[in-house]
Novice: 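Below is one structure. I have some questions about it.
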Amino acid sequence: MLTKVSKLTTAAKRMLVGRPFRSDSLGHTLLPKRIALPVFASDALSSVAYAPEEIFLVLSVAGLSAYTYAPWVGLAVALVMAVVVASYRQNVHAYPSGGGDYEVATKNLGPTAGLTVGSALLVDYVLTVAVSISSAASNIGSAVPFVSTHKVLFAVAAIVILTAMNLRGVRESGTLFAIPVYAFMIGMFVMLVWGFFRIGLLGDQVHAESYGFGLKAEEEHLLGLPLVFLIARAFSSGCAALTGVEAISNGVPAFRKPKSRNAATTLLLLGSIAIVMFMGMIVLTQKVGVVYAHNTSDLIGAPAGYEQKTLVAQLAGAVFHGFPAGFYFVTIVTALILVLAANTAFNGFPVLGSILAQDRFLPRQLHTRGDRLAFSNGIIFLAGAAIAFVVFFGAEVTKLIQLYIVGVFVSFVLSQTGMLRHWTRLLRTETDPTQRARMKRSRVINAVGLTMTATVLVIVLVTKFLAGAWIAIVTMAAIFGLMKLIRRHYDTVSRELDETEWDGVLPSRTHSIVLVSKLHLPTKRAIAYARATRPDTIEAITVNVDEPDTRALVREWERSDISVPLKVIESPYREITKPVMDYVKRMRRDSPRDVVTVFIPEYVVGHWWEQLLHNQSALRLKGRLLFEPGVMVTSVPWQLTSSAKARAGREISAPGSVRRGYGDEL
């Protein structure tokens, strides 16, 4: 049965993950630019599906008149994005190892800054998955009402499917993801170009379904500081468009050579495409008259039962009015790229987790690759955390967006500060005029990037702290503290293992104890093996939990030819583990320099249900004995018939068994 379960588990794993890859085939997972762009840039590209929407949503608090500020808010976001892209192009050239912001901060600002960046990025990657998948559910829900009413279920299923695809390996996932990402880019550009062409050149009246609606404003006549605060909050929400930029700096090792140049080129393409889409959507939204509100009850003039569609769906419906295929194409590819945008985190999170684990800030299991050369444990951990956020916040983008971008801008600020120190340090020793000019230019770019990102971080903290950003900050602090504790544990273990030199002195004496329940073949084998180790003393012990059985065992032992003495340990409360532990501890107290070896006979069975019927006392006892210093535990196996049949079945069913010498059984 165990064999069948093992085979079924392995078969299911191979169907889900695929066949394992050899370690020396890792080079085959390296990505060309045409595949790297959709793999690493899908997050930033897809943010145009919800970042402009969040700008209009925030501005709607002040009524329709506040929409006039949207293009200016969009220009400010686009400027920050351009500066950040230019800054990170310096990062990928200076630090191509894949450590990204964590490596930059650690090497230039110290381990505390690096750990801060690490905790911030881990939270941001989780939220990237949660926000992207939740937005995908909203977009599909605009075309399929069933999804709209079951957003959480859809989001969880999408994360599970995406996890399985990433477990198969980055190259296969990248090739598969390229088609919908490029389809999204084509769909968005066609929608924008055709929309502006109809409005500007053909003079068509292109109106969204919400055109002409009124809006119940919470604050219609905002002036002065409240208006500035509202615009700043809209700007901070729009800065969600910058998330994902840092993923390329974390994924440089996945690029084909020359890695840095290919990564920098991909980053430039990412920034250019995202800015054009982002600004195009904001301007087109105003042209077609989209009215967007937190609740449909705030829409004046909306028909009864009106369901508010996403911004992308309303734009596609207006531009492709009379051509449903265009609407469904844009809606579907938008939902697809939002699902796949989470792939940026599925590429970045495991790599960062592996680096942190290598530095002993996370469990070592996150450092190693799985069967398919992907960091499987990191992928699974990310999926679980993202599902938790999706379920807790009901897959609502507006709620999740309040937690978003805090982490990424913390890493932006520390990264750019580290880059300033990096260039300053190099300039102290560099004498070549050409190199010095290049370094000074890079330092200026990173200085502008620091100024921009620090300003945005302050705005985000001021405008979003009470709205939910505090949750992200608390989570980051908790992860930071947890990683400190993990590192302290690993350091403590390392000191315990390394600092104390072993003098090589053998124990003065060795005592062997054989546990006995009955005088049968497993007991005789255990005694024979214990005697073969040539201990100084040897004895058998049994625990008296049933008086008649114990007396019968003593009589049988006396009649046998076994020369090893049998000692009976009393157990008034019919326990087995505690009396044995007390006996072993007494021996250790009497002779602290001696070693006690406990031999435990165990059955080897072939069926899972047989394991439940045997060896339970032995497992409990071994678990306790392992904590006792100076005590060794030895299991003496006895193979039952069922185990022999299971072993024979495995040998016969193995491919090539005849050529390996197992043909006689056939």
Side-chain angles (χ1 to χ4, degrees), residues 44 76-77 79-125 235-236 239 242-252 260 263-264 267 271 348 352 355-356 359 361 404-430 435-436 438-462 464-465 469 472-473 476-477 479-480 483-484:
V77 174
L79 176 62
V80 175
M81 183 182 291
V83 171
V84 169
V85 168
S87 300
Y88 270 85
R89 280 171 56 84
Q90 317 309 312
N91 289 39
V92 298
H93 284 297
Y95 293 92
S97 61
D101 295 339
Y102 170 72
E103 182 181 6
V104 173
T106 301
K107 288 189 174 181
N108 296 286
L109 303 176
T112 300
L115 206 59
T116 303
V117 169
S119 60
L121 286 177
L122 290 176
V123 173
D124 188 70
Y125 281 134
F235 169 75
S236 64
C239 283
L242 277 75
T243 55
V245 172
E246 80 289 343
I248 289 181
S249 67
N250 294 327
V252 176
S260 295
L267 187 54
L352 177 61
I355 294 170
L356 287 167
D359 292 343
F361 288 115
Y404 207 20
I405 77 174
V406 176
V408 74
F409 272 95
V410 168
S411 65
F412 282 170
V413 170
L414 292 175
S415 173
Q416 298 312 301
T417 304
M419 289 301 296
L420 284 180
R421 288 198 176 184
H422 169 79
W423 298 124
T424 301
R425 185 178 67 252
L426 292 182
L427 283 167
R428 292 195 189 106
T429 57
E430 184 61 56
Q435 291 297 323
R436 286 185 63 84
R438 182 185 63 81
M439 291 177 183
K440 288 181 179 179
R441 183 176 65 251
S442 296
R443 185 169 64 172
V444 170
I445 294 173
N446 287 126
V448 175
L450 172 60
T451 304
M452 285 280 195
T453 54
T455 303
V456 174
L457 178 59
V458 172
I459 294 173
V460 169
L461 291 176
V462 170
K464 288 181 174 290
F465 185 81
I473 296 171
M476 287 164 48
I479 293 175
F480 180 91
M483 289 195 290
K484 280 281 192 181

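What you are looking at is a predicted structure, and each value in this text was computed from that prediction instead of being measured.
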Novice: Atom CG in L115, atom CG in L122: separation rounded to 0.5 Å?
Specialist: 9.0 Å
Novice: For the residue pair S119 and F480, what are the closest heavy atoms and their distance?
Specialist: CB-N, 3.9 Å
Novice: Quick one: do N91 and M419 satisfy side chain to side chain contact (heavy atoms under 4.5 Å, CB included)? Show the steps, please.
Specialist: CA-CA 7 Å; N91 289 39; M419 289 301 296; 3.3 Å; yes
Novice: Can you see which heavy atom on R89 is nearest to which on L267, and at what distance?
Specialist: N-CD2, 3.6 Å
Novice: Checking R443 side chain against T424 main chain: does a donor-acceptor pair fall under 3.5 Å?
Specialist: no
Novice: For residues V77 and L242, determine if any side-chain heavy atom of one lies less than 4.5 Å from a side-chain heavy atom of the other.
Specialist: yes
Novice: Supply the atom-to-atom distance T417 OG1 to L450 CG, rounded to the nearest 0.5 angstrom.
Specialist: 4.0 Å
Novice: Flag the pair K484 / T112 as yes when at least one side-chain heavy-atom distance between them is below 4.5 Å, and no otherwise.
Specialist: yes
Novice: About how many Å separate OG1 of T116 and CG of L121, when rounded to the nearest 0.5 Å?
Specialist: 11.0 Å
Novice: Write down the atom of I479, the atom of V123, and the distance for their closest heavy-atom approach.
Specialist: CD1-CG2, 3.5 Å
Novice: Working to the nearest 0.5 Å, report the span between CH2 of W423 and CZ of R438.
Specialist: 5.0 Å
Novice: So, S411 versus D124: side-chain donor-acceptor pair below 3.5 Å or not?
Specialist: no
Novice: Nearest 0.5 Å please: distance from the OG1 atom of T429 over to the CG atom of L426.
Specialist: 6.0 Å
Novice: Does a side-chain heavy-atom distance below 4.5 Å link I473 with V410?
Specialist: no
Novice: Work out which heavy atom in C239 is nearest to a heavy atom in V456; give both atom names and the distance.
Specialist: SG-CG1, 3.7 Å
Novice: Show me the pairs that pass side-chain hydrogen bond (donor to acceptor under 3.5 Å, both in side chains) and involve residues 451-460, at least two apart or across chains.
Specialist: none
Novice: Mind listing the closest non-hydrogen atom pair of A120 and M476 along with its distance?
Specialist: CB-CE, 3.7 Å
Novice: I need the single residue from Q90, H422, E103 that forms a side-chain hydrogen bond (donor to acceptor under 3.5 Å, both in side chains) with Y95. Which is it?
Specialist: H422
Novice: Taking the side chain as C-beta and beyond, is there a heavy-atom pair between M452 and V84 under 4.5 Å?
Specialist: no
Novice: Considering all heavy atoms of both residues, which atom of K464 and which atom of S236 are nearest to each other, and what is their separation?
Specialist: CE-OG, 3.3 Å
Novice: Does a donor on one side chain and an acceptor on the other come within less than 3.5 Å for Y88 and D101?
Specialist: yes
Novice: Is S260 reaching over with its side chain to a backbone N or O of V92, donor-acceptor style, under 3.5 angstrom?
Specialist: yes
